[in-house]
Number of protein chains: 2
Amino acid sequence: MPLLDHPDAKAFLLHWGEMGTQWGVNRSVSQVHALLYLSDRPLPADEIVDQLGLARSNVSTALKELQSYAIVRRVHVEGDRRDHFVAELDLWEMLTRITAERKRREIDPTIALLNDLAQRLANDDSCPPHVRERITRMHEFMSTLGNWYEQVRALPKPTLVALMKLGGKVARFLPGAKKAE
Amino acid sequence: MPLLDHPDAKAFLLHWGEMGTQWGVNRSVSQVHALLYLSDRPLPADEIVDQLGLARSNVSTALKELQSYAIVRRVHVEGDRRDHFVAELDLWEMLTRITAERKRREIDPTIALLNDLAQRLANDDSCPPHVRERITRMHEFMSTLGNWYEQVRALPKPTLVALMKLGGKVARFLPGAKKAE
DNA sequence: CAAACATTTCGGAGATTCCAGAAATGTCTG
DNA sequence: CAGACATTTCTGGAATCTCCGAAATGTTTG
């Protein structure tokens, strides 16, 4: 009955956990995520505890973290007082949500700092020209990247999927691009 | 004289170090990178030690790590026996190299595992259908993503830059896309 | 509102990572 | 090949992160 009796499910879950640690996500969090992803029904925290052998408190923290990425959500189950949880099953959604949250946490603060620095540099003649230039370049680069991301993410999902399927062929549509492949 | 006497350079360096830790890169590594990025000349390890106050051994390890991402390289300086190091200054190059290496380390092993699992699932009737389906979906998704990435990265840099400048407007060129914005 | 149940927060033991200094290894020069 | 210099690998203490169990907090039900 338990999901993890199946060796392939278990292999997936274990690998997902390891992969998480490489990504800066802690193992418990990514294991909980893998379990929910494979489950065909909402699971209460207790059952996650049983299946993964983690402490209840740890599972609680993991669920909170996953919810902060919006890739797991609480659902109510008829006739059960306990919270149940399900993972986002649309992988494209999953990717965009993780990306959005990571940008928010990791990229945006950097852009903000670079904004400040650029401000200060404008009125500071004591800064060696090459330092000014390097910081300015970085600022422009990250801003451009951030803007690009915001634009792309605003596109409707089917458009994004279509773009991805297109792969390297998008380049053909560029004005002035080589027509031949 | 030392680069870090300039408060803005220092702010950049410190922030870059913190940002690194968030990214799973250790602080020493990202500080060394920031210093080299701001420097207008190749630096020998000793000078990095002096400017950052790190142990020599630590700097050595950091340089090795940065070289493994190919965003820092060793250069020879006329009349000095010591190795000197410079950072990649083209930020677009920097991004693509980091991305390539992270994909290689983090995504490729997952795809490889999913290949194996998909193989095994094909001959395994004991696996519950929904588990099979979830793993298969994940496999397809990550493969598609990986293929997309390889195609896009093969495009010439100017094309990539042009695409990025285009932002969300690429969607206009999609066959069957809404022409109006 | 009291009792039962569910969840979160807290504190600390264990594991991991970081990083300085020491030792070892590698490389050049005379 | 000896000695000077440069770099890397090793080792252990410090700092950080992980994750359990206990205590505190929140929530439902009679």
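Values below: every heavy atom of this structure, side chains too, minus hydrogens, waters and symmetry copies.
Listed pair A/Arg81 / D/dT27 fails the phosphate criterion, with no side-chain N or O lying under 4.0 Å from OP1 or OP2. The shortest distance between the side-chain N/O atoms of B/Lys64 and the OP1/OP2 oxygens of D/dT9 is below 4.0 Å. Between C/dC19 and B/Ser28, a contact under 4.0 Å exists linking OP1 or OP2 to a side-chain N or O. In this structure, B/Ser60 reaches the D/dT8 phosphate: one of its side-chain N or O atoms is under 4.0 Å from OP1 or OP2. Phosphate contact (OP1/OP2 of D/dC20, side-chain N/O of A/Ser57, threshold under 4.0 Å): absent.
Whole-Å rounding puts the A/Glu65 CD to C/dT9 P distance at 13 Å. C/dT8 atom P lies 13 Å from atom CG of A/Leu66, rounded to whole Å. Between B/Glu18 atom CD and C/dC18 atom P there is a gap of 13 Å when expressed in whole angstrom units. One interatomic measurement links the two molecules: CG of B/Asp83 to P of C/dT27, which rounds to 11 Å at whole-angstrom precision. Regarding B/Ile48, its CD1 atom lies at a distance of 16 Å from the C1' atom of C/dC19, rounded to whole Å. When rounded to the nearest whole Å, the span between CD of B/Gln31 and P of C/dA20 equals 10 Å. Taking atom CG of residue B/Asp80 and atom P of nucleotide D/dC5, one finds them 13 Å apart after rounding to whole Å. Atom C1' of nucleotide D/dA15 and atom CG of B/Asn26 are separated by 13 Å, given to the nearest angstrom.
For A/Leu54, taking side-chain heavy atoms from C-beta onward, the closest of the listed nucleotides C/dC19, D/dC20, C/dA6 is D/dC20.
Here the shortest heavy-atom pairing between B/Leu38 and A/His130 reads O-CD2, 3.0 Å.
Taking a cutoff of 4.0 Å between a charged side-chain nitrogen and a carboxylate oxygen, B/Glu150 and B/Arg153 qualify as a salt bridge. A salt bridge links A/Glu65 to A/Arg105: one of the charged nitrogens lies within less than 4.0 Å of a carboxylate oxygen.
Counting only heavy atoms from C-beta outward, the side chains of B/Tyr69 and B/Arg97 never approach each other to under 4.5 Å.
With the nearest nucleotide of DNA chain D identified for both A/Asn58 and B/Asn58, B/Asn58 has the one nearer the 5' end.
Note on ring orientation: taking the six-membered ring where Trp is involved, the planes of A/Phe12 and A/Tyr37 are tilted (angle from 30° to 60°).
Across all strands shown, A/Gly53 has heavy atoms under 4.0 Å from sugar-phosphate atoms exclusively, and none from any base.
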